[in-house]
Q: 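Shown below is the structure under consideration.
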Amino acid sequence: MRNFCRFTLLEVVIALVILSLSLAGMLRLLTHSQNRISRAEEQWREMHMLTQGAEYILLAGSEEDLSVPDDIFPYHDHRIDCTVEDAEGIPEELSSQENQLPLKKWTITLYRSADHAERLKVIIDRLDYSAKEADSEAQ
């Protein structure tokens, strides 16, 4: 007498339901992972653009020309803006010292060109060496 191992229809249906639920869960996890990877890549790209623009502006060092040339910043879907203003909140005993260079606040901002949305911003406090040059030229 042969003893065959057979599955009932109910067992096969339950196995298919479990398999389909696990596949649906894996596909959802895969889709969520792809979205997170895309967001991370976009954040890295924007941080790289801001860093590239900030490095150029700070190395150029001139408050007169705060623009970044296209060969340095070749991203046409974004733009870099920079503003320079006097730093605020410096204690009086530090700001009134003799031969003290003034402190400037450089705000470098990355904007998306399509909707002019501010994407990233960095604020850098920097000594104003042009004031020292102007003093030495006056003497």
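The first residue of the sequence shown is numbered 1, and numbering continues consecutively from there.
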Q: Are Leu127 and Ile57 connected in a single hydrophobic cluster, I mean Ile/Leu/Val/Met/Phe/Trp/Tyr linked by side-chain heavy atoms less than 4.5 Å apart?
A: no

Q: Going by side chain to side chain donor-acceptor pair (under 3.5 Å), name the residues that satisfy it together with Ser67, two or more places apart in sequence or in a different chain.
A: Asp65

Q: Looking at Glu11, I want to see if its CD is surrounded by more than 12 non-hydrogen atoms of other residues, nucleotides or ligands under 6.0 Å.
A: yes

Q: At what distance, to the nearest 0.5 angstrom, does CE of Met49 lie from CD1 of Ile80?
A: 8.0 Å

Q: Would you say Leu50 and Val84 are hydrophobically clustered, going by side-chain heavy atoms of ILVMFWY under 4.5 Å?
A: yes

Q: Considering residues at least two apart in sequence or located in another chain, which fulfil the side chain to side chain donor-acceptor pair (under 3.5 Å) criterion with Asn35?
A: none

Q: Can you hop from Leu16 to Phe7 via hydrophobic side chains spaced under 4.5 Å?
A: yes

Q: Let me check something: do Leu66 and Leu58 share a hydrophobic cluster, defined by ILVMFWY side-chain heavy atoms less than 4.5 Å apart, either directly or through other members?
A: yes

Q: Parallel, tilted or perpendicular, judged at 30° and 60°: which one describes the rings of His48 and Trp44?
A: parallel

Q: Could I get the full list of ring-ring contact (aromatic ring centres under 6.0 Å, His included) partners for Tyr56, not counting sequence neighbours?
A: none

Q: Would you mind listing every side-chain hydrogen bond (donor to acceptor under 3.5 Å, both in side chains) that reaches into residues 103-127, with sequence neighbours excluded?
A: Glu46-Arg119, Glu85-Lys105, Asp86-Lys104, Arg112-Asp115

Q: Mind checking whether Ile123 and Leu110 sit in one hydrophobic cluster, side chains of I, L, V, M, F, W, Y counted as touching below 4.5 Å?
A: no

Q: For Ile108 and Cys82, which heavy atoms make the closest approach, and how far apart are they?
A: CG1-SG, 3.8 Å

Q: Step by step, would you call Asp128 with Leu103 a side chain to side chain contact (heavy atoms under 4.5 Å, CB included)?
A: CA-CA 6 Å; Asp128 184 13; Leu103 189 63; over 6 Å; no

Q: Quick one: closest heavy-atom pair of Ile72 and Gln52, and the distance?
A: O-NE2, 2.7 Å

Q: side-chain hydrogen bond (donor to acceptor under 3.5 Å, both in side chains): which pairs involve residues 16-33, sequence neighbours left out?
A: none

Q: Search all heavy atoms of Phe73 against all heavy atoms of His78 and return the closest pair with its distance.
A: CE2-O, 3.4 Å

Q: List in chain and number order the residues that pass salt bridge (Lys or Arg N to Asp or Glu O under 4.0 Å) with Asp71, two or more places apart in sequence or in another chain; answer none if no residue qualifies.
A: none

